[in-house]
Amino acid sequence: MACQKAHFENQILDLYNKISNLKSLKPSKNVDTLLQQLMSTCLPTETNIDVEKLCPKVQDIRTNLIKLRSEAIGYSEQHFSTILGSLEDNPLRHLDLYPYYTNYLKLSKVEFDLLTQHTSHVPIKIAFVGSGSLPFTSIILAKFHLPNTTFYNFDIDPQANSLASQLVSRDTDLSSRIFFHTIDILNATEILRDYEVVFLASLVGVDKEAKVKVIEHLEKHMAPGALLMLRSAKGLRAFLYIDVDPCDLRGFEVLETYHPSLSDGFVNSVMVARKLSN
């Protein structure tokens with residue numbers, strides 16, 4: 001096990017040095033290769049490595065590595081959203097141009113199944129916090145699973161919302177059910193009580209402290225009984241996304257946590273929690 005731990009630490013340090021020294025994190029062969037190597041290094045679910053017991057140097061770079069990867073993903077989504085939005089045909093017919101579209105299909109199906117297990121009726125209004133340039137979750141859920149539900153996407157980046165709205169603007173059905181709000185979610189208050197379900201994107205919150213701050217804000221303003229669908233990470237995957245512990249969800253009852261296997265085809269764990277009464 002010590003050998004396995006040392007090997008992982010060396011791999012992470014090497015990848016961090018290479019990624020942090022890149023002149024740009026915008027899509028390129030080099031960036032894509034390094035991010036794929038990072039993904040492969042952190043994907044194993046069957047491991048005896050305890051992330052919390054890794055050497056201090058590796059622990060210290062964990063948050064920085066997540067920030068770098070988050071920035072790179074943002075550039076990648078912006079790139080592909082721009083391409084899709086420039087198509088003459090309906091962009092939603094070509095979402096598979098994005099390399100990880102299939103992963104989103106699988107993740108959204110799991111989230112939909114979890115949602116139906118913990119709701120007594122089909123939600124009318126769903127919010128997605130941190131929807132970005134490619135609001136795949138809202139699009140997939142609206143298109144394939146929840147044909148009568150309206151989705152409200154929140155993102156702090158006006159350019160991301162502009163690109164995202166172009167993707168649905170030429171679809172008669174989805175353009176009438178998917179809307180975008182440019183706002184820092186920490187400035188959204190009363191409006192959050194309108195939603196029966198709130199999704200929190202995995203890349204919202206640049207570190208654990210910021211993530212918990214968002215969760216606390218949602219707890220303060222969501223309606224009692226509303227569901228929070230939250231993406232987290234387990235084990236080595238905590239070098240890809242911030243890991244959220246049930247104890248971070250004060251004011252919520254954690255109903256279920258789904259940890260994916262390698263065969264699931266996506267990385268995130270999914271937590272379902274219900275807002276307790278005030």
Side-chain angles (χ1 to χ4, degrees), residues 104-132 134-156 161 164 168 173-205 211-233 241-242 244 246 248-260 266 268-278:
Y104 275 98
L105 286 174
K106 294 175 180 178
L107 173 58
S108 297
K109 177 60 166 64
V110 167
E111 290 177 326
F112 170 72
D113 290 342
L114 290 171
L115 184 60
T116 56
Q117 290 168 25
H118 296 287
T119 52
S120 57
H121 65 282
V122 177
I124 297 172
K125 299 171 72 174
I126 289 178
F128 194 96
V129 179
S131 47
L134 289 174
F136 278 134
T137 301
S138 294
I139 291 172
I140 293 168
L141 289 176
K143 190 175 180 66
F144 300 115
H145 303 297
L146 295 166
N148 298 308
T149 300
T150 303
F151 293 80
Y152 298 83
N153 298 275
F154 294 84
D155 202 281
I156 198 171
N161 278 336
V168 301
D173 173 34
L174 295 196
S175 62
S176 67
R177 294 193 293 121
I178 298 181
F179 302 98
F180 300 91
H181 299 282
T182 301
I183 188 174
D184 182 337
I185 197 61
L186 296 178
N187 293 328
T189 53
E190 289 86 358
I191 192 174
L192 291 173
R193 299 185 69 86
D194 294 343
Y195 308 109
E196 299 159 87
V197 181
V198 176
F199 279 79
L200 180 59
S202 52
L203 295 179
V204 172
K211 175 77 78 174
V212 170
K213 187 175 182 180
V214 172
I215 293 171
E216 290 175 346
H217 180 80
L218 293 175
E219 188 278 330
K220 183 178 180 180
H221 296 287
M222 284 172 60
L227 291 184
L228 175 63
M229 303 288 293
L230 183 143
R231 294 170 183 172
S232 180
Y241 299 102
I242 295 169
V244 179
D248 297 320
L249 293 166
R250 287 186 296 245
F252 290 93
E253 176 192 4
V254 178
L255 304 175
E256 188 170 350
T257 302
Y258 183 93
H259 295 300
F266 57 88
N268 292 110
S269 299
V270 181
M271 302 176 74
V272 187
R274 190 182 307 280
K275 165 71 185 297
L276 299 173
S277 299
N278 293 329

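- Within 6.0 Å of the NZ atom in Lys125, the count of heavy atoms belonging to other residues, nucleotides or ligands exceeds 12.
- When each of Leu107, Thr257, Asp113 is checked for a side chain to side chain contact (heavy atoms under 4.5 Å, CB included) with Val270, only Leu107 meets the rule.
- No more than 12 heavy atoms of other residues, nucleotides or ligands shown are found within 6.0 angstrom of CD1 on Ile124.
- Atom CG of residue Asn268 and atom OH of residue Tyr241 lie 5.0 Å apart, to the nearest 0.5 angstrom.
- Residues Ile126 and Phe199 share a closest heavy-atom pair of CG2-CD1, 3.7 Å.
- Side-chain atoms of Ser269 and Pro260, non-hydrogen and from C-beta on, do get closer than 4.5 Å to each other.
- In this structure, Arg231 CZ and Ile242 CD1 are separated by 14.5 Å, a value rounded to the nearest 0.5 Å.
- Side chains of Arg177 and Leu146 form no contact here, defined as non-hydrogen atoms less than 4.5 Å apart.
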Does the side-chain contact (heavy atoms from CB on, under 4.5 Å) test come out yes or no for Tyr152 and Ile191, once each step is laid out?
-> CA-CA 11 Å; Tyr152 298 83; Ile191 192 174; over 6 Å; no
Would you please test Ile178 and Ser175 for side-chain contact (heavy atoms from CB on, under 4.5 Å) and show each step?
-> CA-CA 6 Å; Ile178 298 181; Ser175 62; over 6 Å; no
Criterion side-chain contact (heavy atoms from CB on, under 4.5 Å) on Val122 and Asn148, from CA distance to verdict | CA-CA 8 Å; Val122 177; Asn148 298 308; 5.8 Å; no
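- At most 12 non-hydrogen atoms from other residues, nucleotides or ligands lie less than 6.0 angstrom from CD of Glu190.
- The closest side-chain heavy-atom distance from Leu230 to Leu249 is below 4.5 Å.
- Using a distance-only test at 3.5 Å, with no hydrogens or angles considered, no donor-acceptor pair links the side chain of Arg193 to the main chain of Ala223.
- Taking 4.5 Å as the limit, every side-chain heavy atom of Met229 sits out of range of all side-chain heavy atoms of Thr137.
- The two residues Leu174 and Ala142 have their closest heavy-atom pair at CD2-CB, 3.7 Å.
- One distance of note links CD of Glu256 with CE of Met271; it measures 11.0 Å at 0.5 Å rounding.
- Rounding to the nearest 0.5 Å places CG of Leu200 at 8.0 Å from CZ of Phe128.
- Of the possible donor and acceptor atoms, none in the side chain of Ser108 sits under 3.5 Å from a partner among the backbone N and O of Leu105.
- At least one side-chain heavy atom of Ile140 sits less than 4.5 Å from a side-chain heavy atom of His145.
- Within the model, atoms CG of Leu186 and CD of Glu216 stand 10.5 Å from one another, a figure rounded to the nearest 0.5 Å.
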For Val244 and Ile215, run side-chain contact (heavy atoms from CB on, under 4.5 Å): C-alpha distance rounded to whole Å, both residues' side-chain angles, the deciding distance at 0.1 Å, then the answer.
-> CA-CA 10 Å; Val244 179; Ile215 293 171; 4.0 Å; yes
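- Looking at heavy atoms from C-beta onward, Leu141 lies out of side-chain contact with Leu115 at the 4.5 angstrom threshold.
- A side-chain donor-acceptor contact under 3.5 Å links Arg274 to the backbone of His118.
- In this structure, Leu192 CG and Phe154 CZ are separated by 6.0 Å, a value rounded to the nearest 0.5 Å.
- A pairwise comparison of heavy atoms in Gly130 and Ala201 identifies O-CB, 3.3 Å as the closest pair.
- At least one side-chain heavy atom of Val110 sits under 4.5 Å from a side-chain heavy atom of Phe266.
- When side chains are defined from C-beta on, His181 does not count as touching Asn161, because their heavy atoms never get closer than 4.5 Å.
- The residue from Val198, Asp155, Val214 that alone fulfils the side chain to side chain contact (heavy atoms under 4.5 Å, CB included) condition with Ile185 is Val214.
- Annotation for Tyr195 and Ala226: closest pair O-CB, 3.6 Å, computed over non-hydrogen atoms.
- Pairing each heavy atom of Pro224 with each of Ser277, the nearest pair is CB-CA, 3.9 Å.
- Listed for the His217 side chain is a donor-acceptor partner under 3.5 Å among the backbone atoms of Ala188.
- Taking every heavy atom of both residues into account, His121 and Glu196 meet most closely at NE2-OE1, 2.6 Å.
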